[in-house]
Q: 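I have a structure I would like to understand better, so I am pasting it below and will then ask my questions one at a time.
Because only heavy atoms are used, hydrogens play no part in the values below, and waters and symmetry mates are left out as well, while side chains stay in.
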Amino acid sequence: MATTSMLMTEEMEGMGTFVTDDKGMTLYRYEMDQASPSKSMCTGDCAKTWMPVMAQDSVKAMGVEQSLVGSVDRSDGMKQLTLAGRPLYRYMGDAKAGEMKGQAKDSKWYAVTPAGEKAAMSSDGSGSSEDMEGMPGMS
């Protein structure tokens, strides 16, 4: 399990803006989760590879709207940090700050943007405007 006391934003050329924890590790969202109401579908073996980020009593937000930060009770009884209702995870394959090896993994895992949306870039760093279609203000 992963914990953090702060959500921060990181910007990387060719990768856009995404959210990291207080150690600079990329945070991800899972497309099988529910945002409203919040529900984590990543349990068991999934949660070993994709570590749920556990909610602390107070999590600060830098570059992220504080009102979007929340938590959800997991089926295992732990409280998981959420952003815009989406449970947050760290990927075991990311060994150091700034890595995004989980990006677009299995077409279900995406680095999370400050608005809680999936980051619209592929794992090789090439952006795709197709991922942004249908989002308000994105065309």
Side-chain angles (χ1 to χ4, degrees):
M1 259 165 250
T3 60
T4 188
S5 60
M6 186 178 296
L7 294 181
M8 302 182 296
T9 58
E10 191 75 38
E11 194 166 343
M12 196 178 297
E13 189 173 338
M15 299 297 258
T17 302
F18 55 95
V19 178
T20 69
D21 65 12
D22 53 358
K23 295 172 186 68
M25 300 300 286
T26 302
L27 298 181
Y28 297 90
R29 58 177 264 170
Y30 183 39
E31 293 303 294
M32 305 308 284
D33 284 348
Q34 295 174 2
S36 183
S38 296
K39 182 171 179 156
S40 171
M41 304 302 286
C42 179
T43 58
D45 286 343
C46 175
K48 292 176 184 163
T49 301
W50 298 93
M51 299 171 291
V53 179
M54 294 301 125
Q56 304 283 347
D57 288 337
S58 82
V59 175
K60 294 184 175 109
M62 288 178 53
V64 176
E65 183 63 46
Q66 188 74 47
S67 65
L68 295 178
V69 179
S71 65
V72 63
D73 292 320
R74 292 176 51 81
S75 59
D76 59 14
M78 303 293 284
K79 263 195 187 320
Q80 185 171 358
L81 193 62
T82 62
L83 182 60
R86 289 270 182 189
L88 298 177
Y89 303 88
R90 272 192 31 201
Y91 179 51
M92 284 291 284
D94 290 345
K96 61 185 185 223
E99 287 189 342
M100 297 181 77
K101 294 180 178 173
Q103 175 62 14
K105 197 98 167 141
D106 302 324
S107 298
K108 290 185 173 81
W109 293 94
Y110 295 91
V112 67
T113 70
E117 301 295 337
K118 66 180 180 179
M121 65 271 186
S122 61
S123 56
D124 66 1
S126 63
S128 168
S129 59
E130 287 178 36
D131 292 342
M132 302 302 273
E133 283 181 2
M135 288 183 173
M138 304 289 174
S139 56

Q: Which atom pair, heavy atoms only, marks the closest approach of S5 to D22?
A: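 Result for this residue pair: OG-OD2, 3.1 Å.
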Q: Within the 4.5 Å heavy-atom criterion, are V69 and T82 side-chain neighbours or not?
A: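 Of all side-chain heavy-atom pairs linking T82 with V69, none is under 4.5 Å.
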Q: Apply side-chain contact (heavy atoms from CB on, under 4.5 Å) to the pair L27 and R90, showing each step before the final yes or no.
A: CA-CA 5 Å; L27 298 181; R90 272 192 31 201; 3.5 Å; yes
Q: Donor-acceptor check, side chain of D21 to backbone of M25, threshold 3.5 angstrom: yes or no?
A: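 Judged by distance alone, yes, a pair lies under 3.5 Å.
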Q: Without swapping roles, check the side chain of Y89 against the backbone of V53 for a donor-acceptor pair under 3.5 Å.
A: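 Checked: no pair found.
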Q: Find the distance between CZ (R29) and OH (Y110) and round it off to the nearest 0.5 Å.
A: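 Rounded to the nearest 0.5 Å, the CZ-OH separation comes out at 9.5 Å.
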Q: Give the minimum heavy-atom separation between A84 and A35, together with the two atoms involved.
A: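 Residues A84 and A35, closest heavy atoms: O-CB, 4.0 Å.
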Q: Identify, with sequence neighbours excluded, every residue that meets salt bridge (charged side-chain N to carboxylate O under 4.0 Å, His left out) alongside D45.
A: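 D45 satisfies salt bridge (charged side-chain N to carboxylate O under 4.0 Å, His left out) with K48 once adjacent residues are dropped.
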Q: Is M41 reachable from W109 through a run of hydrophobic residues whose side-chain heavy atoms are each under 4.5 Å from the next?
A: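 Same cluster: W109 reaches M41 through Ile, Leu, Val, Met, Phe, Trp or Tyr contacts under 4.5 Å.
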Q: Once you round to the nearest 0.5 Å, how far does CE of M51 lie from CD of Q80?
A: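 Nearest 0.5 Å value for the CE-CD distance: 11.5 Å.
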Q: Between V72 and P87, what is the shortest heavy-atom contact and its length?
A: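 Distance-wise, the nearest heavy atoms are CG1-CG, 4.3 Å.
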Q: At what distance, to the nearest 0.5 angstrom, does CG of L7 lie from CG of L88?
A: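 CG of L88 is found 6.5 Å from CG of L7.
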Q: Do Q34 and S36 have side-chain heavy atoms sitting under 4.5 Å apart?
A: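 No, their side chains stay 4.5 Å or more apart.
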Q: For residues M8 and V64, determine if any side-chain heavy atom of one lies less than 4.5 Å from a side-chain heavy atom of the other.
A: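 Of all side-chain heavy-atom pairs linking V64 with M8, none is under 4.5 Å.
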Q: Can you check whether T26 reaches Y91 side chain to side chain, under 4.5 Å on heavy atoms?
A: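 With C-beta onward as the side chain, the pair stays apart.
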Q: Minimum heavy-atom separation for S71 and K79, please, with both atom names.
A: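 Reported closest heavy-atom pair: OG-CD, 3.9 Å.
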Q: Find the distance between OG (S40) and CE (M32) and round it off to the nearest 0.5 Å.
A: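 One finds 12.0 Å between OG of S40 and CE of M32.
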Q: Any salt bridge linking D76 with R74? Criterion: basic side-chain nitrogen under 4.0 Å from a carboxylate oxygen.
A: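 Judged by the 4.0 Å cut-off on N to carboxylate O distance, D76 and R74 do form a salt bridge.
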Q: According to side chain to side chain donor-acceptor pair (under 3.5 Å), does anything in residues 60-70 pair up with another residue at least two apart or in another chain? List the pairs.
A: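 Of all non-adjacent pairs touching residues 60-70, none passes side chain to side chain donor-acceptor pair (under 3.5 Å).
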Q: Just by modelled atom types, is the K101 backbone N or O under 3.5 Å from a matching donor or acceptor in the D94 side chain?
A: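 Flag set: sc D94 to bb K101 pair under 3.5 Å.
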Q: So, taking the atom named NZ in K108 and the one named SG in C42, what distance separates them when rounded to the nearest 0.5 Å?
A: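 So the gap between those two atoms works out to 12.0 Å.
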Q: Any side-chain heavy-atom pair from M100 and F18 closer than 4.5 angstrom?
A: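 A side-chain contact exists here, since the closest heavy-atom pair is under 4.5 Å.
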Q: Between the side chains of D33 and K39, is the shortest nitrogen-to-carboxylate-oxygen separation below 4.0 Å, so that they form an ion pair?
A: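 Salt bridge absent between K39 and D33.
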Q: Going by heavy atoms in the side chains, are T113 and T17 under 4.5 Å from each other?
A: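 Counting from C-beta outward, T113 and T17 never come under 4.5 Å.
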Q: To the nearest 0.5 Å, how far apart are NZ in K105 and OH in Y28?
A: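 The distance works out to 9.5 Å.
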